[in-house]
Each structure stands twice: as C-alpha cells, then as structure tokens.
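Accompanying notes for the structure given below.
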Amino acid sequence: MLRRRRRMKMVMKKKKELSLALLALSGKCGACGPGYASPLEAMKGPREQLLYLPCIYRNTGIGIPDFLATVDVDPKSPRYCQVIHRLPMPHVGDELHHSGWNACSSCHGDPGKSRRFLILPSLVSSRIYVVDVATDPRAPRLHKVVEAEELARKANAAFPHTSHCLGSGEILISCLGDPDGNGKGTFVLLDGETFEVKGNWEKGGKIPNLGYDFWYQPRHNVLLSTEWGVPRVLAQGFDPKDVEKGHYGRHINVWDWRERRLAQQLDLGAGCIPLEIRFLHDPSAAQGFVGCALSGDIRRFYRSPEGKWEAEKVIEVPSKKVQGWLLPEMPGLITDILISLDDRFLYFSNWLHGDVRQYDISDPKNPKLVGQVFLGGSISKGGAVTVVEDRELRDQPEPCVIQGKRIPGGPQMLQLSLDGRRLYVTTSLFSAWDRQFYPSLLTEGSVLLQLDVDTARGGLAVNAQFLLDFGKEPGGPCLAHEVRYPGGDCTSDIWL
C-alpha cells in the first residue's frame, strides 16, 4: 500500500511538472492567450526542449508516408538530439513542407485561444493535416485531415504552402496554384475550431499568377506575398528555360488587409524568384526583408512617405563562375531567411554555395555581415564542381564534417531559438530539387545541425556535439524540412 501511494505521488508530481512545462511553453500568463505580449517578451521565454520537423519520403524510392518527427533538444535529457516520436501520415506522397499554428501571439489577448494544433499543409497532395500537439507534446497525434477535394471545391485552390494564424482565430494559408497545377497566388481560410475550409480569403479582383510565402501586418493594413513558380513545372525539377518562359516568380504582391484585394505589385525583375518574406517583428515597423533565390540578393521592403510600398536591394551574393555544374555560373540560391526577435540580426541560407550568413540589421538600409559558416554545399573541395572565378572567396571551402560525417546537401531551412543563441539548420529543400542538385540526400537522408550564435558582437560557429542524421531512420533515409517549437518561434508568430 505504501509503495502504491508513493507511486501515485510520483505520477501526480510528473503530471504537475508536465502541466507547468506546457504552461511555460505556451507562454501563458493568467488571463492571456497563446504566445507572448511582445517579441522582446518572447525572447525571455523558456529554452526549447522539443522540435517538430516534417520528414519526407517522396522521390526517395521508399514508398511509405511522410511523418512528423519530435526531437528532444533538452541538453539534460538522456535522449538529447534524438527523434523520440514519429507520427506517420495516413497517405503516401504528400510532400509535407512548411507548418503553422491554430493560434499564436496574434491571439495573445484572447484567453479563449490556445496553441494546441500544428497545421501541416502538403505541398504536392494538397492535403492539410491538423496535428494535436497539446495532449502529449512528446507524442503528437493526428486530429483531422482536410482533403484536397475540399480546397478545390470551396476555393479552387491547391498546393498549400504557408500557414499563419490570425487574431480572429482563423487560419490563413497561401497556395501556389489551382487543382490543375497552374499558378495561382490565392489564399484559403480555415475555421479555427472545426478546421473546415471557409473559402478564399481574397474578395475578388485580380489574383497574382503565382504564390508562395506571406506575412501580414494589420497596423499597416497590409499583407505581402511572394512567388515561387508554376506547381506542375517546379515539381519536375529546375530548368533554366522555365525562368525565361515566365514560369517563376518576380513580384512582391501587396494586399489591402481590410479590403482583401490586391493593391500593388512590386516587380523585382525576371529571374528573381522571391521566396521567404519577413516583416520586422516590431509591429509598428513598416519594413522587412525578402530573400530572392535565383538573383541571390536580399531586398528591403518598406512603406514610402506617400503610402506606397517599395523595395531596394541591400545585400547581394555574387554568382560564382564554375565548371562541372548545370550552368556556367552558380547562384547562392537564397532559400530561407529569418529575423531575430529583437530585430537586430538577419540570417539566410545559400543552399547551393553552402553557407549560412548573419547580418547586423540595426540599420536596415545598410546590413553588415558579422557571421558566416559553410555547411556542405556544391562548391566544397573534392566535389564535382570547380570554381574558376569567385568575387568573395580565395579558395573553395573545405567540406563540412561533423562527428565523422560529411554533411550532404546544403543549408536550407533555418530556425532561431527565442533568445537568439542557437540556430537550427536542415538541408533539404524540396524532394524533386534535392534529387536534381543533391542526389545523395535521397540515399543518405538530410541532417539537422545547430549553430552557436554570438548575440553580442555577431558570429556563427558549428556545434560539433549536435548532429541528427535522418539517414538512420527506421523506415530508411528521409528528408527533414522545417523546424517548429511547441511554444512558437520567430517565423510563425506575428504580433499585432
């Protein structure tokens, strides 16, 4: 009897500790809703202990479903830097990609809202998975599947990409195209309680030919969206001729937030391909940055004194003249960018060149490079590519080797800890493009790395003790993509 009582006390103690941990992860405070009151408050949040990553099997030759991996990143845990749970999706070939939340800091003032569900759009199958991460954060479970047919029937939309929660409690998702695989920069709204498709967010008028990422800021009555490419074209891999044919993006699309109508298009030039777009986190700031993949530059967007939105180039990554590659010149291919919660540092990845960069953006008009590290890439010594002219480097970088493993692929998706001290990096972009540019990823799997960040002076360093090799998965090598924390992060939370 005494042993039973002790056991019960121990169980109750663990439940209480779990409840307190969940409370801390969600950023709750009494009568507040999910997330944090401000970006600077978020920086004071608890250290991340879990990560969620979608893991993809499409194009790998392994015919099993994609899954959501839960990774233990608590340095005190015996399972540190390990996958502790895998949630397989019910179908094969989805191509999980990016993810979002049912509620975030945009709902912080509403005590009736909570961050309970991870929204997982599938880029190829067009399904949207709703995953319960609150009941047991260490073992998420599938809550609902929104089928592609519902997106097609109610919104004539397909290929969902970015998901953001709204202050209203609804969920807004950008799409790349229509159900036939044509380009269409449309948006769908999900009900925040039932997760049913409510229809299109936009209210008529012109719709951009292409879609991809977006960020919204009600204080400035604006939503900005970007453009990748025509879904049925990019799904086959990258052909430079498709850029000339206009199958890839070149605009920042400016939407009137209240009217839900396209108000302006900023033409950044042919071959630009603007992908990830980020406002500064301070909701009063009417500016931010967008990474332009193929042209290899970062544009600062801002609202002019006349009320129009404009964009200017503030960072340029020169292409390298090469031999032994697809083209005679290799762009960096900027595939992800993010901004620290204090709006001090900008980070981005050059997937092809293989480096991650850190810029001080205290003066947003004049970013200063303060950190750079190479993590694989196509120009490493000993590879098939020879650099014959380089405006930045004297020599080709050494291969990135961690714990005896030469890192395959190049740095791609980024996620920063709330305090800004740890930068997580994955190496898979999109399975069809991985197959073309880094075929070894399909046989070796991608990796998750961690960089140590100097938040005082700037600087990046590889954490040699952290390596999660997705080539060793029980189902075979897979492609891990975007990183999320249970308590939110700097690329999923928006402050109003």
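The structure displayed is predicted, hence computed values, not measured ones.
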Just by modelled atom types, is the L123 backbone N or O under 3.5 Å from a matching donor or acceptor in the H161 side chain? no
Look at the rings of W309 and F301 and say which category their plane angle falls in: under 30° parallel, 30 to 60° tilted, over 60° perpendicular. tilted
Under 3.5 Å, side chain of Q358 to main-chain N/O of G459, donor-acceptor pair present? yes
Side-chain donor-acceptor contact under 3.5 Å, E276 with Y212: yes
With the threshold set at 4.0 Å, does a side-chain nitrogen-carboxylate oxygen contact exist between K320 and E329? no
Distance-only polar pair, side chains of N221 and D256, donor-acceptor under 3.5 Å: yes
List in chain and number order the residues that pass salt bridge (Lys or Arg N to Asp or Glu O under 4.0 Å) with D342, two or more places apart in sequence or in another chain; answer none if no residue qualifies. none
Less than 3.5 Å apart, any donor N or O on the side chain of S122 or R127 sitting next to an acceptor on the other? no
Whether the side chain of R344 engages the backbone of T455 through a donor-acceptor N/O pair (distance < 3.5 Å, no angle test) should be reported. yes
Are R391 and E389 ion-paired here, with the side-chain N under 4.0 Å from a carboxylate O? no
Do other residues, nucleotides or ligands put more than 12 heavy atoms under 6.0 Å from K472 NZ? no
With distance as the sole test, does D191 use its side chain to make a donor-acceptor pair with the main-chain N or O of E196 at under 3.5 Å? no
When you compare the side chains of T426 and Q412, does any donor N or O come within less than 3.5 Å of an acceptor on the partner? no
Taking the six-membered ring for Trp and the single ring otherwise, decide whether the centroids of F214 and F187 are under 6.0 Å apart. yes
Go through the side-chain N and O atoms of Q287 and R303 and say whether any donor and acceptor fall under 3.5 Å apart. no
Is a side-chain donor-acceptor pair under 3.5 Å present for R435 with T60? no
Is it true that R299 and D297 make a salt bridge, defined as a side-chain N closer than 4.0 Å to a carboxylate O? yes
Please determine which of D239, L294, L234, L210 meets the side chain to side chain contact (heavy atoms under 4.5 Å, CB included) test together with Y248. L234
Salt bridge between D267 and R250, side-chain N to carboxylate O under 4.0 Å? yes
Are any of the side-chain nitrogens in K365 or E312 under 4.0 Å away from the carboxylate oxygens of its partner? no
Those residues at least two apart in sequence (or on a different chain) that pass side chain to side chain donor-acceptor pair (under 3.5 Å) with Q264 are none
When you compare the side chains of T186 and N200, does any donor N or O come within less than 3.5 Å of an acceptor on the partner? yes
Between side-chain atoms of residues 369-387 and protein atoms elsewhere (two or more places apart, or another chain), which donor-acceptor pairs fall under 3.5 Å?
from: Q372; atom 1: NE2; to: D355; atom 2: OD2; distance (Å): 2.8
from: S378; atom 1: OG; to: Y438; atom 2: OH; distance (Å): 3.0
from: S380; atom 1: OG; to: G376; atom 2: O; distance (Å): 3.2
from: K381; atom 1: NZ; to: E398; atom 2: OE2; distance (Å): 3.1

Donor-acceptor side-chain pairing of D489 and S492 below 3.5 angstrom: yes
Would you say E95 and S431 are linked by a side-chain donor-acceptor pair, where the criterion is simply a distance under 3.5 Å? yes
Under 4.0 Å between a side-chain nitrogen and a carboxylate oxygen: does that hold for K405 and D469? yes
D178 versus F159, closest heavy-atom pair with distance: O-CE1, 3.3 Å
Would you please say whether a donor-acceptor pair under 3.5 Å links the side chains of Y424 and Q415? no
Y347-D336 side chain donor-acceptor pair, cut-off 3.5 Å: no
What pair of heavy atoms forms the shortest contact from G291 to I334, and how long is it? CA-CG2, 4.2 Å
Within the distance-only criterion (no hydrogens, no angle test), does the side chain of W255 pair as donor or acceptor with the backbone N or O of Y216 below 3.5 angstrom? no
